[in-house]
Amino acid sequence: MGNHAITSNDGWSVIDELEITREGKAYILAPRKELFMRPDGIFEPAWAPIFYNPTMMDNRSLTVLSSLAHSYFGNKVKSFAEPLAGSCVRSLRMILEANTQEAYANDIDPYSIYVCRANARLNNIADKVIVFNTDANLFTLQLDNLGIPIDFVDIDPYGTPIYYLQSSIKLIAKNGLLSVTATDVGTLEGKYPYKAFSRYGVLVTKNSFSKEVAARVLLYTLFRFSAFQDRVIEPILTFYDKHYVKIVVKVEKASSTKIRELERNVGYIVVDSNGLPIHTISVDELIGTHEDNKVIGPLWLGPICNQSYLEKIIELSLNKHVDLSKEALSKLRTVLEECRINTPYYLNLPLIAKILKANIPKINYVLETLRNKGFLASRTHFDLLSIKTNAPLEEVSSLFSFRS
Ligand SMILES: C[S@@+](CC[C@H](N)C(=O)[O-])C[C@H]1O[C@@H](n2cnc3c(N)ncnc32)[C@H](O)[C@@H]1O
């Protein structure tokens, strides 16, 4: 629990701003709408002391329905976790409508948690709603650490869910469900391509089927966050509505073979200048057995080292402040040398020789000749038989002499 202990007799006036309302089978204390109206007459849930948005009722109902369907197909949904619970209405409905035995509900806002407790009592299910008042990630990691198996995790944050995916996926028990709601649809749809790239690691721009792209970006993200934790997703529901997209997936432990199989579902869509889809390219085509040019990326193409730091590190090790082997020191010197060249790849001399059917020139000859021509050139610590240079490949190739 957080340090904002709130009791019913500490003069908390916020209660005056709430009223009892009903959603599904749950009665809840929720903000009095008339007190939080925007100038255009629309209720603004973000202005209220606790968050409850009645227009998201369908979203919550879909959580209940997904759970019921999951149970129908033979999977027990005994426990539910809601890391960003607001009024806890979702948790209450899971118990009252989806027969969930326990709901673990958390919110960082102590008022929310106070109201959650009251709401659980209002529905006579206080013994089934276990409330926490901490950060969503701490909550999920704590449940995981306590070994409490959670059959269904529902993430419903403001904006992007990305911060909460890793810990939530980790928490899900065998064959459990994950529901994720994202309201940053502008980013997911490619309205802000740079944001989409930095947040989700994808290249997307607005096109004629952006809403589906939003869902597919989110699904790809769920795939990726599951895969690195040896899990796979099986999509159950994709639902785009109003200002959000909701995805429900089954999460299962998986072998690397299974993950590899599902990787076939990851790829790119080529779009024309009108934003119309032209064709798809699978990851297999990009990574796989294709003879033609392949795309590699997304990759970091900027600097991979800091010269000043490297110089300092070498200096410190020379001054014997820190032990370092001769081999490592020698390697570090090469690292420093190549750090001056911001070309995001090295060129392998034996390979170029093989392609040109030429002799492999001495590496020092290649480096010196390139430098004499005004290019930057150095050995690379990644590979003894390769060089880093800002000279074009043709320039390097011209230094190979042909076999007689
Ligand atoms: C969109 S509302 C959740 C609504 C709720 N799931 C529902 O169905 O009504 C987001 C909630 O997340 C809470 N919140 C924001 N940041 C948080 C964090 N880092 N950890 C836990 N809760 C957080 C807010 O206080 C707010 O109640």
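Each residue takes its place number in the sequence, starting with 1. All values derive from a computational prediction rather than experimental measurement. Atoms within each ligand, like the ligands themselves, are counted from 1 in listed order.
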Whether [Y] and [X] form a salt bridge (side-chain N of Lys/Arg under 4.0 Å from carboxylate O of Asp/Glu) is what I want to check.
X: E315; Y: K312; answer: yes
X: R379; Y: E338; answer: no
X: D184; Y: R199; answer: yes
X: E97; Y: K25; answer: no

Any heavy atom of Y52 closer to ligand 1 than 4.0 angstrom?
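Contact absent.
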
Answer with yes or no whether C88 contacts ligand 1, where contact means a heavy atom under 4.0 Å from a ligand atom.
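False for this residue.
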
Would one find more than 12 heavy atoms of other residues, nucleotides or ligands at under 6.0 Å from atom OH of Y345?
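Incorrect, the count does not exceed 12.
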
To the nearest 0.5 angstrom, please state how far the CG atom of L178 sits from the NZ atom of K250.
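NZ of K250 is found 13.5 Å from CG of L178.
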
So, taking the atom named CD1 in I50 and the one named CG in D109, what distance separates them when rounded to the nearest 0.5 Å?
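Taking CD1 in I50 and CG in D109, the distance rounds to 8.5 Å.
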
I need the nearest protein heavy-atom contact for atom 19 (N) of ligand 1: residue, atom name and distance, please.
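Going by distance alone, atom 19 (N) of ligand 1 is nearest to D135 OD1, 2.8 Å.
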
Nearest neighbour in protein (non-hydrogen) for atom 2 (S) of ligand 1:
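Ranking protein heavy atoms by distance from atom 2 (S) of ligand 1, first comes F51 CD2, 3.4 Å.
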
May I ask you to check if ligand 1 and [X] share an N or O to N or O distance below 3.5 Å?
X: N106; answer: no
X: P157; answer: no
X: A136; answer: yes
X: E82; answer: yes
X: L84; answer: yes
X: R90; answer: yes

Can we call the ring centroids of Y200 and F197 under 6.0 Å apart?
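So the answer is no for these two rings.
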
Y111 contact mode with ligand 1 (heavy-atom cut-off under 4.0 Å):
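For Y111, no heavy atom sits under 4.0 Å from ligand 1.
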
Are P49 and F36 close enough that some pair of their side-chain heavy atoms sits under 4.5 Å apart?
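They are in side-chain contact.
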
Sub-4.0 Å atoms of ligand 1 with respect to non-hydrogen atoms of [X]:
X: T134; answer: 20 (N), 21 (C)
X: G86; answer: 27 (O)
X: A85; answer: 5 (C), 6 (N)

Shortest heavy-atom approach to [atom] - which of [options]:
atom: atom 6 (N) of ligand 1; options: L138, I108, D154, D156; answer: D156
atom: atom 9 (O) of ligand 1; options: M56, E23, R60; answer: R60
atom: atom 24 (C) of ligand 1; options: N53, D107, D109; answer: D107

Pair S61, R93: side-chain N/O donor-acceptor within cut-off below 3.5 Å
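Note: S61 and R93 side chains meet the donor-acceptor criterion.
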
Taking atom types as modelled, is there a side-chain donor on D156 or N59 under 3.5 Å from an acceptor on the other?
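Checked: D156/N59 side chains show no N/O donor-acceptor pair below 3.5 Å.
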
